[in-house]
Each structure stands twice: as structure tokens, then as C-alpha cells.
Amino acid sequence: MDKHQVAGILDEIGTLLELQGENPFRSQAYHNAARALEQLEENLADAVAADRLRAIPGIGQTLQEKIKVLVTTGRLPFYEELRQKTPPGLVRMLRLPGMGPKKVRALYEQLGIEELEALKVACQEGRVAALKGFGAKTQQKILEGIDFLGQAGQRLRIDQARALADVLVGQMRDGPGIIRMEVCGSLRRWKETVNDIDILLSSDQPGPLMERFVKLPGVTQVVAQGETRSSVVFSHLLYDNRQLVSIPADLRVVRDDQFPFALHYFTGSKQHNIAMRARAQQHGLKLNEYELAGPDRRIPCRDEADLFRALGLAYIPPELREHTGEMEAAAEGKLPQLIEPADLRGTFHCHTTWSDGNAGVEEMALAARRLGFKYLGLADHSQSLTIAHGLTPDRVRKQQAEIDAVAARVSGIKLFKGIECDILADGSLDFDDDVLATFDYVVASVHSHFGQPEPEMTARIIRAISHPRVTMLGHATGRLLLRREGYKVDLEAVLQAAARHGTLVEINAHPHRLDLDWVHCKRAKALGVRMVINPDAHSTEDLALVRYGVAVARQAWLEKDDVFNTRTAAQVAKALQKR
DNA sequence: GCCGTTTTCGGCCCGACTGTTTTCAGTCG
């Protein structure tokens with residue numbers, strides 16, 4: 001059982017305990033432990049074997065033992081008993097907005113409702129409104145919530161949420177009365193997926209702004225409207241008007257002198273905030289979303305940097321605010337100089353119409369130049385991937401001739417000739433050495449036999465990346481975002497092999513299949529692996545997706561030198577030649 | 001269930017908003 005599975009079970013236990021009406025701090029302890037496990041960099045089985053779990057903050061004696069049982073036996077009697085006495089439908093009912101464990105429990109105990117479908121019927125028959133503590137409005141909200149869950153209610157990918165946030169902010173900006181405005185929450189921390197959009201603004205007249213917000217075009221539901229905070233559901237068409245995407249959006253308004261505190265507070269994460277409040281307490285101060293204050297004085301701050309400084313901390317970038325050691329590092333002045341989007345000088349994993357891309361070589365080159373890139377690596381698919389028009393050796397020659405021709409025509413951008421070469425089932429490569437030798441670089445990727453058992457998949461990838469012609473490993477885990485699945489691979493072993501052979505490992509930045517997450521990247525860095533941020537671009541627009549890769553790199557505390565494509569074109573050319 | 005330079009017991013962030021209440025519990029972030 002890997003750490004994600006164990007973390008999932010601990011999370012579920014926490015939820016089940018809430019539904020049992022347990023001490024909330026006890027259930028919280030399970031959620032906290034789940035979070036801690038997700039961020040574990042090393043292999044969970046190793047940590048268990050070496051008795052290192054206890055050292056992780058949030059995991060004590062009891063949880064260490066439960067995790068150990070789970071990892072070694074794959075089961076946990078305590079969990080199974082808990083599941084037995086809680087109908088699984090109750091967990092789904094918790095996802096309804098405004099429904100917490102107490103309400104779900106009341107519905108179950110007093111009406112015997114244990115499924116969303118039964119709840120809907122009970123609402124329609126008016127039985128819910130008759131319950132003590134419930135009423136007509138609650139009943140109506142539940143019905144709306146069931147509807148919303150049916151059509152949306154899912155976490156959104158960050159690229160979709162950003163697009164919607166841009167629309168919302170743009171619409172708000174058109175009006176008067178706004179002093180400062182910022183998108184905060186998990187969106188500002190660049191999490192892969194987000195639950196909602198949080199917008200914070202400062203103003204002297206919150207009332208009219210609230211009115212405007214809830215009446216914006218695209219607002220399909222007003223969930224709450226107060227003097228300083230409103231919640232709506234916002235819907236917008238994305239992808240050339242082909243897909244309607246909905247997401248809850250919150251607006252909060254504060255006075256301008258409160259803005260830095262509110263910005264920090266609403267950016268989170270929750271764990272980071274709790275740690276910050278504790279630190280404020282150690283300084284004899286109280287921190288909330290409005291102020292940092294002692295018993296007899298308020299400490300004025302113009303921006304977040306002032307706030308951190310007042311607590312003896314260097315400025316912590318939003319991407320680092322996950323309570324994973326950033327406070328300690330900031331206190332000791334040991335925060336890294338994070339890689340910046342502008343540090344990227346080019347990218348490598350890009351397809352063209354020669355295989356399954358939808359733009360030609362020249363179009364891609366021009367688009368890369370417009371983005372300010374100094375070089376672009378073209379890496380179409382190799383011959384085995386027939387479904388994607390993989391290049392045969394003959395077409396490789398023709399494509400390379402075209403790249404030379406485009407390079408001669410287009411100035412200001414250097415083109416590298418690459419290939420995304422399939423790793424065949426046995427770990428051999430899809431071209432003979434004489435063909436491989438014609439490329440500036442080779443990205444090796446798995447595109448077939450995804451179902452191989454872990455040992456075979458691992459051996460296959462390690463064999464491929466130890467090949468002297470292979471420059472970088474493409475989508476190392478094949479992880480698909482939202483579905484969270486990839487191929488089964490011992491990533492630790494793969495990263496160690498990459499470190500041994502000096503193989504670059506790609507941070508695949510395409511939001512659809514973001515591959516290495518920040519925990520993986522931290523581990524990779526610790527093992528001495530250098531990374532490369534690639535968008536797996538199939539269109540000119542996809543090139544801009546490297547920004548998401550930069551976000552992952554920042555979350556992993558990577559600096560400019562940790563990432564290969566921060567080098568100049570000349571440095572890249574030299575490095576590739578040496579191989 | 002976790003945690004400890006005020007603590008091994010008694011805390012555990014805290015304020016806004018809603019709905020059902022008549023002073024507050026539940027939910028959310």
C-alpha cells in the first residue's frame with residue numbers, strides 16, 4: 001500500500017469519526033496525518049521499516065502503529081469496523097454545501113436517510129424542513145446542492161480556475177471603489193486543482209461592491225451575501241465556448257489598512273496560517289485577518305512583506321505556504337531564491353503537425369519567440385506510436401530538413417532537433433543508434449503497455465534512461481490530473497537511476513497530465529536529479545503551459561540552477577553535445 | 001489523536017454568515 005492509499009484511508013477515518021460525532025480534534029488528527037503522509041518524500045514502506053514515522057509532526061504513537069499495520073498487512077480492523085457502522089452514502093452527503101457531520105447525522109438518525117437520492121425525495125416531500133434545527137430554507141438549499149453536485153461540484157484544474165478568475169476579476173475591475181484587488185486562496189498558491197475562487201479587495205464602500213459582485217454576468221447562484229463577504233457560483237464557457245465550467249467564488253472586502261492581513265489570511269494554507277498565529281502568540285501578538293496587534297498596540301503593515309518582517313520572517317512566497325518547513329527557513333534566512341517564470345529560456349517537449357501536434361514547425365518557432373523564448377526543442381513522436389503519426393527514419397530526415405530551413409528563415413530563436421522516442425515494452429528504444437545519433441536530444445517516454453507490473457515498468461524505464469543517447473525522461477509517472485492515476489512505477493528507483501546517469505527528468509507541465517508533483521520534485525532534487533520544465537505542447541497555446549511547471553518547481557523549492565531550461569541556448573547546445 | 005522553554009493534562013485559530021432561533025449551533029474557510 002503506498003502513501004496515497006494510506007493517506008486516503010486516514011482521511012476517510014477522520015471523516016467517519018466526524019460522522020460518529022467523535023471529538024473533532026481526534027478526527028482532525030487523522031486528517032492532519034493524511035496530509036503529512038501525502039507530503040512524505042521518501043518511500044512509505046522504508047519509513048515504516050525504519051520506524052521514522054513517529055518523527056513526522058502530526059503522527060504520534062497511535063497513528064504510527066495504525067499506519068504500520070496498514071502498510072504491512074494492507075488492512076486495518078479499526079477502519080473496517082468504522083466503515084461497517086457508517087453507511088457510505090453519508091460521506092457523499094457531506095459534500096453538499098452547508099452540510100456538515102451534525103446535520104448528516106441528524107438526517108440519518110431521525111429520518112433514516114443514508115443516500116443522496118433518499119435525501120432528495122425527503123426534501124421534496126417536505127420531511128426535512130420539519131426536523132428540529134432544519135427549516136424550509138435549509139431544505140431548499142439541500143435540493144439546490146444536490147443539483148449542483150450533479151452538474152459540477154468537482155475540483156477544477158488550475159488552468160480552468162485561473163481562466164474563470166481572470167474573467168471575474170476583469171469584470172469587477174471595471175467598476176469604481178476598488179483600492180486593491182487580488183486573487184488569493186489555493187489559486188494564488190498555484191495548487192494543481194482548486195475548490196473555489198477567492199477574491200479579496202480593499203475599499204471604503206463595501207456595500208455597492210457586494211451588490212455588483214452578486215449581479216455579475218455568469219453568476220448563476222448566490223449562496224451567501226453579507227456586508228464583507230459574499231459567496232456565489234460562477235459559470236463561464238471555456239475552450240472556444242465548447243464547455244461550461246462552474247465553480248464557487250467568494251468575494252471579501254476589507255479596509256485598505258487591513259488588506260495585507262486579509263491577503264495573507266485568505267491565501268492560506270490553513271496549516272500555514274495556524275503556524276503563523278502560533279508564531280504571533282510567541283511574540284505576544286495576535287494575528288487575524290484584520291490586524292497584527294499586541295495588548296496595547298497595532299502593528300501597521302503596508303504589505304505581506306511587512307507582516308512577515310514583523311514576525312521576524314523573510315517574505316514567504318505563496319507557493320511555499322504549506323507548513324512544510326517554510327517558517328523555520330524564513331526565520332533563519334534560509335529560504336531559497338525560487339526560480340522565476342522569466343528564468344525559463346526555452347522548452348523541449350513540443351510536437352508539430354509532423355506527428356500529433358496541430359501547428360507546424362515555423363508556427364511553433366514563432367510562437368516560442370513571441371513568448372520570449374531563446375530556443376525551442378521539437379520532439380515529435382517516434383515510429384511505434386502510429387496512432388500519433390510517429391516519425392519513421394525516413395520522415396525524421398525530412399522533418400530535420402524542414403527544421404533547418406525554418407531555422408535559416410526565422411531569426412531570434414534557436415531550434416533544437418529532438419524526438420520523443422517510445423520506450424518499448426522491454427525498455428529498448430524505438431530507433432537504432434544511427435537514427436538516434438541524428439538528434440540533438442532524445443526524450444524517452446512510455447506510451448504503451450501501461451498495465452505492466454511495477455517491477456517490469458521500473459526496469460523498463462531504467463533500462464531506457466541508462467541508454468547514452470537518452471537526454472531526458474518524459475512523463476515519468478504518467479500521472480493524469482484529477483484522475484490521479486499513472487503507471488505503476490518505483491519512482492525512487494527511477495530517480496536514483498536518473499541521478500546516476502545524469503538523465504534530466506521532465507516536469508511535465510501540461511495541466512491535463514501534470515506528471516511530477518512538488519513532493520516528487522523535492523525528492524528528485526534531494527537525489528541530485530536535474531529537472532527540465534516541458535509543456536508536452538501540441539499547439540502554440542500549449543507553450544505557455546510551462547508556467548504551471550514553474551509553479552510546481554517553485555512549490556518544490558527549486559532554484560534557477562536546478563532546472564535545465566534556465567540555461568542559455570549556447571549552454572544548452574554545449575551540454576547536449578557532451579552527451 | 002497530537003503535543004509541550006508557562007503544560008504529561010488540557011489545550012487544540014477564529015471570525016463571518018446562515019438559519020432557526022429568542023441567544024446560538026452549525027458550517028465554512
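Here is the naming used below: chain letters follow the sequence lines, and residue numbers restart at 1 for every chain. Since this is a predicted model, take the numbers as computed values, not measurements.
Going from atom CG of L53(A) over to atom C1' of dG1(B) covers 15 Å, rounded to whole Å. Between the P atom of dG29(B) and the CG atom of L200(A) lies a distance of 16 Å, rounded to the nearest Å. Atom C1' of nucleotide dG1(B) and atom CZ of R35(A) are separated by 16 Å, given to the nearest angstrom. Nucleotide dG29(B) holds its C1' atom 15 Å from the CG atom of L263(A), rounded to whole Å. Between the P atom of dG1(B) and the CD1 atom of I67(A) lies a distance of 12 Å, rounded to the nearest Å. Regarding M93(A), its CE atom lies at a distance of 16 Å from the P atom of dG26(B), rounded to whole Å. The distance from atom CD of E22(A) to atom C1' of dG1(B) is 9 Å, rounded to the nearest whole Å. With rounding to whole Å, D196(A) atom CG is found 12 Å from dC28(B) atom P.
Distance check on atom C1': dG19(B) versus dC13(B) gives 24 Å, rounded to whole Å. Nucleotides dT5(B) and dG1(B) place their C1' atoms 24 Å apart, quoted to the nearest Å. Taking the P atom of each, dA16(B) and dT22(B) are spaced 24 Å apart, rounded to whole Å. The same atom, C1', is picked in dC2(B) and in dT7(B); the two are 14 Å apart, to the nearest Å. Rounded to a whole angstrom, the distance from the C1' atom of dG11(B) to that of dT6(B) is 13 Å. Going from the P atom of dC3(B) to that of dT18(B) covers 37 Å, rounded to whole Å.
Remark: D515(A) CG to I507(A) CD1 distance equals 10.0 Å, nearest 0.5 Å. Atoms CG and CD, from L313(A) and E304(A) in turn, are 12.0 Å apart once rounded to the nearest 0.5 Å. Interatomic distance, NZ of K66(A) versus CG of L76(A), reported as 7.0 Å (0.5 Å rounding).
Comparing atom distances between the Y30(A) side chain and each of dG26(B), dC3(B), dG1(B) picks out dG1(B) as nearest. Listed nucleotides dG1(B), dG26(B), dG29(B) differ in distance to K102(A); the shortest reach to its side chain belongs to dG26(B).
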Under 3.5 Å, which N/O atoms of the protein pair with N/O atoms of nucleotides 12-20 of chain B?
unit_1  : atom_1 : unit_2  : atom_2 : d
dC13(B) : O2     : R277(A) : NE     : 3.3
dC14(B) : O4'    : R277(A) : NH1    : 3.4
dG15(B) : OP1    : K286(A) : NZ     : 3.4
dA16(B) : OP1    : Y290(A) : OH     : 3.4
dA16(B) : O3'    : T228(A) : OG1    : 3.4
dC17(B) : OP1    : E227(A) : N      : 3.3
dC17(B) : OP1    : T228(A) : N      : 3.0
dC17(B) : OP1    : T228(A) : OG1    : 3.0
dC17(B) : OP1    : R229(A) : N      : 2.9
dT18(B) : OP1    : Q225(A) : N      : 2.7
dT18(B) : OP1    : Q225(A) : O      : 3.1
dG19(B) : O3'    : T138(A) : OG1    : 3.0
dT20(B) : OP1    : G135(A) : N      : 2.4
dT20(B) : OP1    : G135(A) : O      : 3.1
dT20(B) : OP1    : A136(A) : N      : 3.4
dT20(B) : OP1    : T138(A) : N      : 3.4
dT20(B) : OP1    : T138(A) : OG1    : 2.9

Pairwise N/O distances under 3.5 Å, protein to nucleotides 7-10 of chain B:
none

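Ring centroid separation for the pair Y315(A) and F308(A) comes in under the 6.0 Å cut-off.
Taking a pair to require two hydrogen-bonding distances under 3.5 Å in either a Watson-Crick or a G-U wobble arrangement, dA16(B) pairs with dT27(B).
Contact between the side-chain N/O atoms of T62(A) and the OP1/OP2 oxygens of dC2(B) is found at a separation under 4.0 Å.
Q171(A) and F234(A) get closest at one heavy-atom pair: OE1-CE1, 4.3 Å. Pairing each heavy atom of C184(A) with each of T267(A), the nearest pair is CB-OG1, 3.3 Å.
In this structure, R554(A) fails the cation-pi test against W518(A), since its NZ or CZ atom is not both closer than 6.0 Å to the six-membered ring centre and inside 45 degrees of the ring normal.
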**Request:** Check step by step if side chain to side chain contact (heavy atoms under 4.5 Å, CB included) holds for E38(A) and V519(A).
**Result:** CA-CA 8 Å; E38(A) 288 282 5; V519(A) 182; over 6 Å; no

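Residue P101(A) is in sugar-phosphate contact alone, with no base atom involved, counting any heavy-atom pair closer than 4.0 Å across all strands shown. Within the nucleic acid shown, L96(A) comes within 4.0 Å of sugar-phosphate atoms alone, with no base atom in reach, counting heavy atoms only.
Of the residues listed (E42(A), R523(A), H520(A)), the one engaging E492(A) in a side-chain contact (heavy atoms from CB on, under 4.5 Å) is R523(A), and it is the only one.
Proximity of H323(A) to K270(A): side-chain heavy atoms (C-beta onward) are nowhere separated by under 4.5 Å.
Counting heavy atoms of neighbouring residues, nucleotides and ligands inside a 6.0 Å radius, atom CD of E80(A) exceeds 12 of them.
Nearest-nucleotide mapping onto DNA chain B: of G58(A) and F266(A), the residue sitting toward the 5' end is G58(A). In terms of position on DNA chain B, the residue among G98(A) and S27(A) whose nearest nucleotide sits closer to the 5' end is S27(A).
Glycosidic conformation of dT7(B): syn, with the torsion inside 90° of 0.
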